[in-house]
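Fair warning: this is a prediction, and the values are worked out from it, not measured in the lab. Both backbone and side-chain heavy atoms feed into the values below; hydrogens, waters and symmetry mates do not.
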Amino acid sequence: MGTIKRARRVFTGIAALALLAGGVMAGGGVAAAAVPTSARGAADTTPPPAPTGLQATTTPRSVTVTLTWNKVTASDLAGYLVYRSDTTPVALDAAHLRSTATPFNALTFADYPPATGATYYYVVVAVDTSGNRSASAPLALKSLDLTRPPAPTGVTGSIDPVARTFTVTWNPKAATDNDTVGYRVGRCNSDGSCFIEVSSPLITGTSLTSPWNGTSPVTIAICSEDAAYLRTCSANAVIEAPATTG
């Protein structure tokens, strides 16, 4: 019995020494000593290269903006994030994030900025697996303006039965009109409906002379057009042939 007690005391002493050296694992095994942080290596704080070649394409009559950029070469690249702001520098926060919060790997991104004609700024951020980030240079883009131009005013006309032509004139656009880029003619039926001649060249002046087919009156509308092909038409102008005498 005395021998057993002495064996237990020896084992207890060995376990105590093991605990002092590195701790005892469950089941009686000796735990490995903790490795100092300095021995594991410093955390990765080096950001990936910043994305380059950022550009945008737009589709006429569409609010869609498609961004593309060059691939970032980094072994620990996690992906990309896209941010948009109406001011620069672009704040890289949740309020300006346009992509998902998780970095994605595609080299293109579609966005739909408000169609106000305002200028927006885009930034693409490369993110590595340690969370380090590098932002591209901001890209400025003027959004599509879906505000229609003002309607032409002062539309009037006359018919020349000898030359068999009719002439329509209208007022120049106002000094504050920054939208109108030209005009188109709407030839109107007796019921008031008008067919806009979109196949003809855009008129940049304030008058038009066309052949007259001998029918009177001629009903015409003049439509202003902006760079987004949006139009606003004037009230219909009814042009009568001059009365014949004799």
d(Arg231 CZ, Asp226 CG) to nearest 0.5 Å is 9.5 Å
Which atom of Pro47 lies closest to which atom of Arg133, heavy atoms considered: CB-O, 3.4 Å
Sub-6.0 Å ring centroid separation between Phe109 and Trp69: no
Taken to the nearest 0.5 Å, the spacing of Leu139 CG from Thr88 OG1 works out to 10.5 Å
Using side chain to side chain contact (heavy atoms under 4.5 Å, CB included), reason through Thr58 and Thr66 one step at a time and then give a plain yes or no. CA-CA 6 Å; Thr58 58; Thr66 302; over 6 Å; no
Between Ala126 and Leu77, the two heavy atoms sitting closest are CB-CD1, 4.0 Å
Is there a side chain to side chain contact (heavy atoms under 4.5 Å, CB included) between Leu202 and Arg184? Walk through the geometry before answering. CA-CA 6 Å; Leu202 195 65; Arg184 296 197 182 276; 3.7 Å; yes
Under the 3.5 angstrom rule, does the side chain of Ser85 hit a backbone N or O of Thr87 as a donor-acceptor pair? yes
Between Lys173 (side chain) and Pro152 (backbone), is there a donor-acceptor pair under 3.5 Å? no
Where do Pro172 and Thr206 come nearest, in terms of heavy atoms and distance? CA-CG2, 3.8 Å
Please check: side-chain N/O of Ser224 versus main-chain N/O of Pro150, any donor-acceptor pairing under 3.5 Å? yes
According to side-chain contact (heavy atoms from CB on, under 4.5 Å), who are the partners of Asn236, at least two apart in sequence or on a separate chain? Cys188, Cys194, Thr219, Ala221
Main-chain N/O of Ala241 paired to Ser216 side chain as donor or acceptor, under 3.5 Å: yes
Which atom names give the shortest non-hydrogen contact between Ser99 and Phe104, and what distance separates them? CB-CE2, 3.6 Å
Can you list, by chain and residue number, the hydrophobic cluster partners of Ile203 when the side-chain cut-off is 4.5 Å? Val155, Ile159, Phe166, Val168, Trp170, Tyr183, Val185, Leu208, Trp212, Val218, Ile220, Ile222, Ile239
How many angstroms lie between CD in Gln55 and OG1 in Thr68, if you round to the nearest 0.5 Å? 4.0 Å
Using modelled atom types only, decide if a donor and an acceptor are shared between the side chain of Asn132 and the backbone of Asp44 within a distance under 3.5 Å. yes
Please check if any side-chain donor atom of Asn171 sits under 3.5 Å from a side-chain acceptor atom of Thr153, or the reverse. yes
Taking Tyr80 as the starting point, is it possible to reach Val65 by hopping between hydrophobic residues whose side chains are less than 4.5 Å apart? yes
Can you see whether Thr100 engages Thr102 through a side-chain donor-acceptor pair at a distance of less than 3.5 angstrom? no
Do Leu97 and Leu81 have side-chain heavy atoms sitting under 4.5 Å apart? yes
Identify, with sequence neighbours excluded, every residue that meets salt bridge (Lys or Arg N to Asp or Glu O under 4.0 Å) alongside Arg187. Glu197
Using every non-hydrogen atom in the two residues, find where Ala151 and Cys233 come nearest and quote the distance to one decimal. CB-O, 3.7 Å
Ser134 side chain to Pro48 main-chain N or O, any donor-acceptor pair under 3.5 Å? yes
Between side-chain atoms of residues 114-124 and protein atoms elsewhere (two or more places apart, or another chain), which donor-acceptor pairs fall under 3.5 Å?
from   : atom 1 : to     : atom 2 : distance (Å)
Thr116 : OG1    : Ala118 : N      : 3.3
Tyr122 : OH     : Asp111 : OD2    : 2.6

Close side-chain approach of Ser130 to Thr45, heavy-atom, < 4.5 Å: no
Rounded to the nearest 0.5 Å, how far apart are CZ of Arg148 and SG of Cys223? 10.5 Å
In the single-linkage hydrophobic clustering (I, L, V, M, F, W, Y; side-chain heavy atoms under 4.5 Å), do Leu54 and Leu107 co-cluster? yes
Working to the nearest 0.5 angstrom, can you tell me the gap between Thr46 OG1 and Asp128 CG? 8.5 Å
Through direct or indirect side-chain contacts below 4.5 angstrom among Ile, Leu, Val, Met, Phe, Trp and Tyr, which residues connect to Phe195? none
Given side chains that start at C-beta, do those of Pro211 and Arg164 come closer than 4.5 Å, heavy atoms only? no
With rounding to the nearest 0.5 angstrom, report the CG to CG distance, Leu230 to Asp179. 9.0 Å
Got a sec, which residues hit side-chain contact (heavy atoms from CB on, under 4.5 Å) with Thr167, two or more places apart in sequence or on another chain? Ser158, Thr169, Thr209
Any idea which heavy atoms bring Leu67 and Ala56 closest together, and the distance? CD2-CB, 3.6 Å
